[in-house]
Amino acid sequence: MTPTLQAAHDAWRALLGKSAVLVGTDIPGRLGADTSSASRRISAVLQVTSADQLPELMRIAQAHQAKVHPVSTASNWGYGGALPVDQDATLIDLSRLNRIIDFDARLGVVTVEPGVTQGMLADFLDAGGHPYMVPVTGAGPNVGLLSNALERGYGITPYTDHFGAITDLEAVLADGSLYQSALREAGSDELARLFKWGIGPYVNGLFTQSGFGIVTRASILLARRPEMIKVCLFNLADDALLEPAIERIQELLRTLPATVGGLNLMNRHRVLAMTAPYPAAEHLDSDGLILPEMIATLGRQYQIPPWTGFATLYGRASVVKAAQKEIRNLLRGVASRLLFLSPQHAGWISNIAQRLPGAPGEKLKRTANTLNGAMELVQGRPNETALPLVYWRNRIAQPDKGRDPSRDRCGLLWYAPLVPMRPEDIRRFVDFARPIMREHGLEPLFTLTSQGDRLFDSTIPLLFDLQDTHASQAAHRCLARLTEQGQTLGFYPYRLHVDSMRAHAERHPTSSQFIRRLRAAIDPDDLLAPGRYT
């Protein structure tokens, strides 16, 4: 450690307390691990207990030219976890900043610190009997709300765009100064919480997918739980139905924008990864991938078609009922086994499963558990229903609850490209990605999630054995090739792994140069989260 860095550590200990500055073996393993096999040298971890400590913390960093990187719950699985882009940075652990600062029960807006998790907000709303939904993701109740929104994450509850639901925020800049929106600084906290765009140039967006500041609080609009919530499930019995289904789905989303929260389209591989164990070796090919005939067999066994659709409906009972009729008409001739299920229906299936003996009962019980979990998610209640996917190819058996893919040594990278909602583009995308994944020893798991009625985001998990160096390297090569070749075809990720950010900047020099000009004005020494998307 250099004398300058030692001086920074000493100053941080004086500010935070000796026990709050962790170095060497005292650094928690969760902050240095990720499902992607990436690694970094971490100089230290600073455990912050109050947002008021951050301005002086950053002034110390600037005085000693110490690189720092803020993290909240360290659950950015598959994108780098808590790891910074650069080596030898000091992590600022914000997980103890977990206050719900303000809540307007009448208007449905909550202000939270970065350590508040989906589960914490759910418990708070349940305890107060407040009829609002948490903007959930599939990552589980122990992941942060703000970190997902600031990475521009999304879900399928009514406010699908999670940053879109953020109205106001506060941040500490690299020099220790405080950023507040003009509307809040004008003395109207309430209006700032209720009006996203504020006054003058829109600046809040600069704090997403960037290192421009440490966000210490943000206000989030919450969707009110409606009178009726239903899930629409449908099958595409043949892969050839994909193109006509895309046309119908687009029309559905255009026709019912206020009723359909979001729509997922998943291929058979993806659904099997959430419902069936990974097959034994005799059902795998020489590359360790599931044989095509075994995929077909499992599809018949679990009644999983080539593609499965999953949509959410929200509104008054009469509106949802009318929407069901419209969806049936729109999907007629393309979709099969079209079902509309409410939470009550899921409960009935669970009761039947409990009474059914033997293997049929166990199979129905697994289906019921998955369905119940999905119904909780669409009601805005976070759970771990989606996390078993990450464990599909893991050597370590997953726990029944408290899943942590990084702790449990799961191998995961995410490829999350944006794909125009045109039938020919969807087919080109699937046909381009599938062979590349198989070439690198990865099962082709596809999900297409609607972003309005013009665009899909496709979340593709690259699942591999983290303990196998060859498999890990192959997964990283696959991600790089998907990103590079996808760009030439018109598909590009909305979000990147920390190891991909430098290459991204090199591919897009004009925008990167503009971002660096902004950083030079805000953080001339490039100390706060250096390298993020630049």
Side-chain angles (χ1 to χ4, degrees), residues 47-52 70-76 93-151 153-171 184 189-196 204 214-227 229 261 312 314 343 372-387 401-404:
Q47 295 181 322
V48 176
T49 56
S50 170
D52 293 338
V71 298
S72 55
T73 60
S75 301
N76 196 24
D93 181 0
L94 306 174
S95 61
R96 290 167 174 76
L97 305 186
N98 55 15
R99 292 183 304 147
I100 295 175
I101 296 170
D102 183 82
F103 177 64
D104 189 320
R106 189 170 183 180
L107 298 180
V109 59
V110 65
T111 302
V112 300
E113 291 186 316
V116 174
T117 65
Q118 295 181 29
M120 288 176 187
L121 180 57
D123 291 344
F124 172 83
L125 295 174
D126 286 345
H130 303 300
Y132 294 98
M133 292 185 277
V134 177
V136 296
T137 66
N142 297 321
V143 302
L145 280 170
L146 292 194
S147 54
N148 178 261
L150 294 174
E151 284 295 321
Y154 57 88
I156 55 175
T157 48
Y159 294 161
T160 54
D161 179 350
H162 291 168
F163 181 71
I166 286 187
T167 53
D168 194 44
L169 57 79
E170 180 178 282
R184 183 170 176 224
D189 280 8
E190 182 176 45
L191 292 182
R193 289 194 296 268
L194 296 174
F195 184 56
K196 181 179 180 70
N204 288 354
I214 304 172
V215 176
T216 56
R217 59 187 285 172
S219 298
I220 306 172
L221 300 178
L222 301 179
R224 194 176 186 91
R225 191 167 289 119
E227 179 184 347
I229 298 176
T312 53
Y314 300 93
N372 274 307
M375 294 303 304
E376 285 187 359
L377 283 177
V378 302
Q379 292 177 85
R381 293 190 170 96
N383 61 39
E384 298 183 7
T385 298
L387 281 178
K401 59 182 179 179
R403 296 177 179 91
D404 184 323

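Source: prediction; values computed, not measured.
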Flag, side chain of Glu113 to backbone of Ile101, donor-acceptor distance under 3.5 Å: no

4.5 Å side-chain heavy-atom contact, Pro141 and Thr117: no

Interatomic distance, His130 atom NE2 to Arg224 atom CZ [nearest 0.5 angstrom]: 10.5 Å

Side chain to side chain contact (heavy atoms under 4.5 Å, CB included) partner of Arg217, chosen from Val112, Thr111, Leu97: Thr111

Under 3.5 Å: donor-acceptor pair, side chain of Tyr132, backbone of Ala105: yes

Min side-chain heavy-atom separation Leu222-Leu121 under 4.5 Å: yes

Pairwise side-chain contact, Gln118 with Leu145, heavy-atom cut-off 4.5 Å (strictly under): yes

Heavy-atom side-chain proximity of Leu150 to Val215 below 4.5 angstrom: yes

Heavy-atom side-chain proximity of Leu146 to Ile220 below 4.5 angstrom: yes

Pairwise distance CG(Asn98) to OG(Ser72) - rounded to 0.5 angstrom: 11.0 Å

Straight-line distance of Lys401 NZ to Asn142 CG, nearest 0.5 Å: 11.5 Å

Short side-chain to backbone donor-acceptor contact, Thr73 and Gly144, under 3.5 Å: yes

Backbone N/O of Asn383 and side chain of Glu376: donor-acceptor pair under 3.5 Å: no

Salt-bridge present (Arg193, Asp102; N to O < 4.0 Å): yes

Glu151 (side chain) donor-acceptor with Ser147 (main chain) under 3.5 angstrom: no

Any donor-acceptor pair under 3.5 Å from Lys196 side chain to Ile166 backbone: yes

Side-chain heavy-atom pair Tyr314, Ile229 within 4.5 angstrom cut-off: yes

Test side-chain contact (heavy atoms from CB on, under 4.5 Å) applied to Leu194 and Thr167, step by step: CA-CA 6 Å; Leu194 296 174; Thr167 53; over 6 Å; no

Under 3.5 Å donor-acceptor, Thr312 side chain and Ile156 backbone: yes

CD (Glu190) with more than 12 external heavy atoms under 6.0 Å: no

